[in-house]
Asker: 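I am attaching a structure below and will ask some questions about it afterwards.
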Amino acid sequence: MTAPTPLILDSAAQDQLFRKAHTAGTFSGQEVPESTVRAIYDLVKYGPTSFNQQPLRIVLVRSRDARERLVSHMFELNKEKTLGAPLTAILAADCEFHEHLPRLVPHLPDAKDTIFGAREMREASAQFNAALQTAYFIVGVRAAGLAAGPMTGYDAAGLNKEFFPGGDHKALTVINMGFPREDSYHPRLPRLGYDEIVSTV
């Protein structure tokens, strides 16, 4: 009798989301429609966060003008790949996310002010939870059959001033997105093994 697999997600889905998915540097010229990005978000919005906060904000860069403005803040290594991507998303943390908490956690009506009233507390929580949501978003991009190329190589102060001038949003990463082609990926780099990471107490 065959032992049951430890994972209930089928092997093809595991490959799609993790084992055969790589960070992409190039993409096919096929456009990424708005409906696909909407479907990605409508899936990954269910990923868990602290207090059900939703600090992630996404700016989709489609126009030539906006892309050139973005590229002016990217480090040299990332300029060409960003210019060549069919779609680029800027993912940021909204440090005023707490304004939505009365709707998102109605059973804790005072959380907005009693827990997240201090700006320093909000910023730390926003950055951590938006980073969680960023990871969910990348997996969602892969679930849609797209490739993702997340980057943190940019002038953060310049990027924030350019795209989030109000000061309440802090960019976390820039993600090039598109349909992969055969040369989209570099060979996979090594990963640490289970016994190097996990301990039991």
Side-chain angles (χ1 to χ4, degrees), residues 17-18 23 37-38 40-62 66-79 81-82 85 87-143 148-177 191-192 196-201:
L17 298 179
F18 295 102
T23 296
V37 183
R38 184 178 294 273
I40 291 168
Y41 177 73
D42 284 342
L43 175 65
V44 304
K45 68 184 179 184
Y46 295 109
T49 58
S50 173
F51 284 89
N52 196 37
Q53 61 182 269
Q54 308 287 291
L56 182 66
R57 301 294 178 264
I58 303 171
V59 174
L60 300 178
V61 180
R62 291 189 183 275
R67 188 171 298 278
E68 289 176 354
R69 287 163 49 210
L70 170 60
V71 167
S72 71
H73 300 290
M74 302 301 293
F75 291 173
E76 196 62 38
L77 185 66
N78 295 325
K79 288 180 183 288
K81 64 179 73 171
T82 303
L87 178 63
T88 302
I90 306 171
L91 277 63
D94 180 1
C95 297
E96 297 298 305
F97 70 88
H98 69 314
E99 296 294 344
H100 299 281
L101 285 181
R103 178 161 59 101
L104 297 174
V105 281
H107 58 290
L108 296 172
D110 298 329
K112 169 182 176 290
D113 299 314
T114 58
I115 299 175
F116 297 105
R119 172 77 182 202
E120 184 177 354
M121 171 68 172
R122 287 201 306 277
E123 284 195 8
S125 190
Q127 298 233 12
F128 175 76
N129 285 281
L132 283 179
Q133 291 184 285
T134 296
Y136 304 144
F137 184 80
I138 292 170
V139 174
V141 169
R142 293 173 171 183
M151 303 169 289
T152 55
Y154 51 78
D155 170 18
L159 188 67
N160 286 328
K161 184 177 180 181
E162 184 78 47
F163 289 94
F164 308 109
D168 291 330
H169 296 65
K170 307 293 183 185
L172 294 175
T173 188
V174 173
I175 301 180
N176 290 328
M177 301 166 52
R191 298 295 196 271
L192 296 178
E196 297 174 278
I197 297 297
V198 181
S199 61
T200 302
V201 296

Asker: Please list, one pair per line, the donor and acceptor atoms closer than 3.5 Å that link side chains of residues 118-142 to other protein atoms, with sequence neighbours excluded.
Answerer:
from, atom 1, to, atom 2, distance (Å)
Arg119, NE, Glu123, OE2, 2.8
Arg119, NH1, Glu96, OE2, 2.8
Arg119, NH1, Asp168, OD1, 3.1
Arg119, NH2, Glu123, OE2, 3.2
Arg119, NH2, Gly167, O, 3.3
Arg122, NE, Cys95, O, 3.0
Arg122, NH1, Phe116, O, 3.0
Arg122, NH1, Gly117, O, 2.9
Arg122, NH2, Glu96, OE2, 2.9
Ser125, OG, Gln53, OE1, 3.2
Ser125, OG, Gln53, NE2, 2.8
Ser125, OG, Asn129, ND2, 3.3
Asn129, OD1, Ser50, N, 2.9
Asn129, ND2, Gln53, OE1, 3.4
Asn129, ND2, Ser125, O, 2.9
Gln133, OE1, Leu56, N, 2.9
Thr134, OG1, Ala130, O, 2.8
Tyr136, OH, Pro48, O, 2.8
Arg142, NH1, Leu17, O, 2.8

Asker: Within a radius of less than 6.0 Å around NZ of Lys45, do more than 12 heavy atoms belonging to other residues, nucleotides or ligands occur?
Answerer: yes
Asker: Once salt bridge (Lys or Arg N to Asp or Glu O under 4.0 Å) is applied, do any residues pair with Lys170, and if so which ones, sequence neighbours excluded?
Answerer: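 Lys170 satisfies salt bridge (Lys or Arg N to Asp or Glu O under 4.0 Å) with no other residue.
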Asker: Do you know which two heavy atoms are closest between Met177 and Val37, and how far apart they sit?
Answerer: CE-CG2, 4.4 Å
Asker: Can you check whether Arg62 reaches Leu87 side chain to side chain, under 4.5 Å on heavy atoms?
Answerer: yes
Asker: CG of Leu101 to CD1 of Ile115: how many Å apart, nearest 0.5 Å?
Answerer: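 Atom-to-atom, Leu101:CG and Ile115:CD1 are 8.5 Å apart.
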Asker: Between Gly153 and Asn78, what is the shortest heavy-atom contact and its length?
Answerer: O-ND2, 3.2 Å
Asker: So which heavy atom on Asn160 is nearest to which on Ala171, and how close?
Answerer: OD1-N, 2.8 Å
Asker: How many angstroms lie between atom CG of Leu43 and atom CZ of Arg38, to the nearest 0.5 angstrom?
Answerer: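 Going from CG on Leu43 over to CZ on Arg38, the span is 14.5 Å.
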Asker: Side-chain contact, heavy-atom cut-off 4.5 Å: Thr82 with Met151?
Answerer: yes
Asker: How about His169 and Phe163: do any of their side-chain heavy atoms sit closer than 4.5 Å?
Answerer: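 They are not in contact (no side-chain heavy atoms under 4.5 Å apart), so the answer is no.
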Asker: If I take atom OG1 from residue Thr152 and atom CG from residue Leu91, how far apart are they, to the nearest 0.5 angstrom?
Answerer: 12.5 Å
Asker: Look only at the side chain of Tyr154 and the backbone of Ser72, and say whether a donor-acceptor pair between them is shorter than 3.5 Å.
Answerer: no
Asker: For residues Val59 and Phe164, determine if any side-chain heavy atom of one lies less than 4.5 Å from a side-chain heavy atom of the other.
Answerer: yes
Asker: To check you understand the geometry: which heavy-atom pair defines the closest contact between Ile58 and Ala89, and what is its length?
Answerer: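 Heavy atoms only, the tightest pair is CG2-CB, 4.0 Å.
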Asker: Can you tell me how far CD1 of Ile90 sits from CG of Leu70, rounded to the nearest 0.5 angstrom?
Answerer: 5.0 Å
Asker: So do Leu104 and Phe97 actually touch side chain to side chain, heavy atoms under 4.5 Å?
Answerer: no
Asker: How far apart are the closest heavy atoms of Gln54 and Thr49, and which atoms are they?
Answerer: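 Looking at all heavy atoms of both residues, the shortest contact is NE2-OG1, 3.6 Å.
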Asker: Distance from Met74 atom CE to Arg69 atom CZ, nearest 0.5 Å?
Answerer: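 Result: 14.5 Å between the selected atoms.
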Asker: Which heavy-atom pair separates Gly149 from Thr23 by the least distance, and what is that distance?
Answerer: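 Shortest heavy-atom contact: CA-CG2, 3.9 Å.
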Asker: Enumerate the side-chain hydrogen bond (donor to acceptor under 3.5 Å, both in side chains) contacts for residues 100-116, please, sequence neighbours excluded, ordered by first and then second residue.
Answerer: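 Found none.
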